[in-house]
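Contents: one structure, followed by commentary.
So that the names make sense, note that chain A is the first sequence line, chain B the second, and so on, each numbered from 1. Bear in mind the structure is a predicted one, so any value in this text is a computation, not a measurement.
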There are 2 protein chains.
Amino acid sequence: MAEKVTIATVARRAQVSRQTVSNVLNAPHIVREETRRRVEEAIAALGYRANQAARQMRTGRSRLIAVRIEPTRDGINGSVLDRFLHGLTETADAAGYRVLLYTARDDDQEIGTYDDLLGAYDLDAFVLTGTKHGDPRTAWLAEREVPFVTFGRPWDALDGHPWVDVDGAAGTAQVTRHLLDTGHRRIAFLGWPTGSGVGDDRCAGWRTTMTAAGLDVAGLRRETEDGIAEGERELRDLLARDAPPTAVVCASDSLALGALQAARGAAAPVAVVGFDDTPVAAAVGLSSVSQPLAAAAARCVDLLTGLLDGQPTDPHVLLTPALVLRHTA
Amino acid sequence: MAEKVTIATVARRAQVSRQTVSNVLNAPHIVREETRRRVEEAIAALGYRANQAARQMRTGRSRLIAVRIEPTRDGINGSVLDRFLHGLTETADAAGYRVLLYTARDDDQEIGTYDDLLGAYDLDAFVLTGTKHGDPRTAWLAEREVPFVTFGRPWDALDGHPWVDVDGAAGTAQVTRHLLDTGHRRIAFLGWPTGSGVGDDRCAGWRTTMTAAGLDVAGLRRETEDGIAEGERELRDLLARDAPPTAVVCASDSLALGALQAARGAAAPVAVVGFDDTPVAAAVGLSSVSQPLAAAAARCVDLLTGLLDGQPTDPHVLLTPALVLRHTA
DNA sequence: CGGCAGGATTAGATCGTTCAAAGTTTCTGG
DNA sequence: CCAGAAACTTTGAACGATCTAATCCTGCCG
């Protein structure tokens, strides 16, 4: 095996000093054109790669971003995190960062892990998903001035940290408008119990659009836990009443899938639209609201690199989802 | 902010030398009981954490394992990788390793990434998922003696690298036996086109069990691409023939979900069993074969740590999946 | 009581990079 | 042609751990 290629090897070959090689890598503009070319040739010829550990030891920065991976929750929404992670890894890569995973059972353990990762690996930043009211994690990180971004708005107004989110209300509003445009008037909403930021947001888009169109939403909203069986039960129940809805907007694909089964047995056709555009939706032809996960991941990385390089970036990004029309609406 | 805690800080506080502290961490048995206790107290009191970068620079080992994250494929099987990753991260953590993600569009790019990761980050090992016939990646890694494990058997007999896999044949055999026990005789198999190692394996379990029970499998096997629509089409077709099957074993939950829809409209009830036990299966009450993903991930880590520490471990692990019975069989 | 084996501990060098500061060359204008 | 500035390059130290080799104990045997 060939001997290790270090910055000194490159320097010797290019007839310059170590520091000049380092400058070519980290501050190319201060090196004379011709010298730089010579060094770059040597780097290519030797296949030199800067040793990350040595660099990290000197600079205290690891070019590593940590993300928590959660066990797939019940329901069919697991693939959302999957796609987000993929996007994150890809964008981070392009920006010269890598993604490190960690797990945690609860908030306390997660905070312990932050401490570990920061102490041992000099982690540069964290990406948090699924923030909730009064999240202790963001407080801990903010207090120590650790750069981080959340995917998901902080639902407490006082939290001023950077975040990226998808505008759920805009998504359901778009769905509702589409249904109105295609002639529907009695449009129901199948969502989660009030109190979750995400769920309330998605409901709001439907409610405001309906109200703006001069329609009454009374009796058209159902709240239930997430799940296929739950969705089926609720829509079946709605359809059994007087003046049943002709269309239903759902807060998730799981609910929508259930609704679809209930709709199948209905007297009149019922349009169904889901949320998240999971693979199942694509498979069964369910129309759904698609979150721009790759874009969201990219913006997370943008925000982080901005923070890390001290560039001022707008720290709040709200992305608009897209409605994917298939057979069911 | 408090000054950084290094091994020297600990040494001073415990009234010993740096090396003794290092020994307490890396070779506790050579340190005298009482000294060790004193050092451990100092470590705890100061909240010392060994700097990974410095250790890595000296030892050339990063305690980092790389895993490729793939974009979610079509179909509902995305959560499989998700769960595997979660298990991997958790077990690796317990063994003192962390998981690093990378992406790649094709094999060449992936090999380029290996080079990068090894050169810059001193990666300790790789976990590959989804190997195929004549995989260039395993060859590249083996040639350079980089430790790695694949999740999935190599389907070329000549590849001798360590692997962990789930015995698909055992899974479908178990399903078939269960169906036989509950009185079924005409049991169909809905699978993928011949040629994929995984698919052929799953088919074999059904076929041998049927044959062993003295039953004829002629006309009971269907091959199709993965997908819900495909599953529905094939079972509908099977049910339309003379002597239709009373039960069907599927190579995936996607196919099973489709089959379930076809079965719903059938004259006689048809038992359906899927494969992978995805969250959708749980949601709709579909019986399915559950891969022990957490265990598989754990065994991957075991194999890798074994390789890294030079301990001889049996390098081929075949795990048996479990049949999860729900409403559909 | 001296010598010696062997374990426990220490001191110094080292990994590959970047920082700080000093050194050298090149350019500009009087 | 030279002083002074600007641009570029070099040198030595430092980051925080581990490795090697040397030193210090301690107990045991002759």
(message) By the definition side chain to side chain donor-acceptor pair (under 3.5 Å), identify the one residue from A/Gln291, A/Arg153, A/His316 that meets it with A/Asp165.
(response) A/Arg153

(request) Extract, from 5' to 3' on DNA chain C, the first and final nucleotides lying under 4.0 angstrom from some heavy atom of chain A. (result) C/dG16 to C/dA20

(message) A/Arg18: which residues meet the salt bridge (Lys or Arg N to Asp or Glu O under 4.0 Å) condition with it, sequence neighbours left out?
(response) none

Between the protein and nucleotides 15-21 of chain D, which nitrogen or oxygen pairs are less than 3.5 angstrom apart?
from: D/dG16; atom 1: OP1; to: B/Lys4; atom 2: NZ; distance (Å): 3.3
from: D/dA17; atom 1: OP1; to: B/Tyr48; atom 2: OH; distance (Å): 2.9
from: D/dA17; atom 1: OP1; to: B/Asn51; atom 2: N; distance (Å): 3.1
from: D/dA17; atom 1: OP2; to: B/Ile7; atom 2: N; distance (Å): 2.3
from: D/dA17; atom 1: O5'; to: B/Tyr48; atom 2: OH; distance (Å): 3.4
from: D/dT18; atom 1: OP1; to: B/Asn26; atom 2: ND2; distance (Å): 2.6
from: D/dT18; atom 1: OP1; to: B/Arg55; atom 2: NE; distance (Å): 3.3
from: D/dT18; atom 1: OP1; to: B/Arg55; atom 2: NH2; distance (Å): 3.3
from: D/dT18; atom 1: OP2; to: B/Ser22; atom 2: OG; distance (Å): 2.5
from: D/dT18; atom 1: O2; to: B/Arg58; atom 2: NH1; distance (Å): 2.5
from: D/dT18; atom 1: O4; to: B/Arg18; atom 2: NH2; distance (Å): 3.3
from: D/dC19; atom 1: O4'; to: B/Arg58; atom 2: NH1; distance (Å): 3.2
from: D/dC19; atom 1: N4; to: B/Gln19; atom 2: OE1; distance (Å): 2.5

(request) Taking only Lys NZ, Arg NE, NH1 and NH2, and the carboxylate oxygens of Asp or Glu, determine whether B/Arg105 and A/Glu90 approach each other closer than 4.0 Å. (result) yes

(message) To the nearest 10°, give me the bend of the helix from C/dC1-D/dG30 to C/dG30-D/dC1, comparing the axes of its five terminal pairs at either end.
(response) 50°

(message) For B/Gln56, give me all partners under side chain to side chain contact (heavy atoms under 4.5 Å, CB included), at least two apart in sequence or on another chain.
(response) A/Ala53, B/Ser62, B/Asp122

(message) Take a 6.0 Å sphere around CZ of A/Arg299 and say whether it holds more than 12 heavy atoms from other residues, nucleotides or ligands.
(response) no

(request) Return the residues of residues 27-41 of chain A meeting this criterion: a heavy atom under 4.0 Å from some atom of DNA chain C. Order them by number, or give none. (result) none

(request) Could you tell me whether A/Arg63 sits above the aromatic face of A/Tyr97, with NZ or CZ closer than 6.0 angstrom to the six-membered ring centre and within 45 degrees of the axis? (result) yes

(message) If we ignore hydrogens and angles and just use 3.5 Å, is the side chain of A/Thr89 paired with the main-chain N or O of A/Leu85 as donor and acceptor?
(response) yes

(message) Within this structure, what is the CG-CZ distance for the pair B/Leu100 and B/Phe126, rounded to the nearest 0.5 Å?
(response) 9.0 Å

(request) Report yes or no: does A/Arg58 contribute a side-chain atom to a donor-acceptor pair with the main-chain N or O of A/Ala54 at less than 3.5 Å? (result) no

(request) State plainly whether the residues A/Glu40 and A/Arg37 are in salt-bridge range, i.e. N to O under 4.0 Å. (result) no

(message) If the threshold is 4.0 Å, N to carboxylate O, is there a salt bridge linking A/Arg38 and A/Glu41?
(response) no

(message) Return the CG to CZ distance between A/Asp106 and A/Arg137, rounded to the nearest 0.5 Å.
(response) 10.5 Å

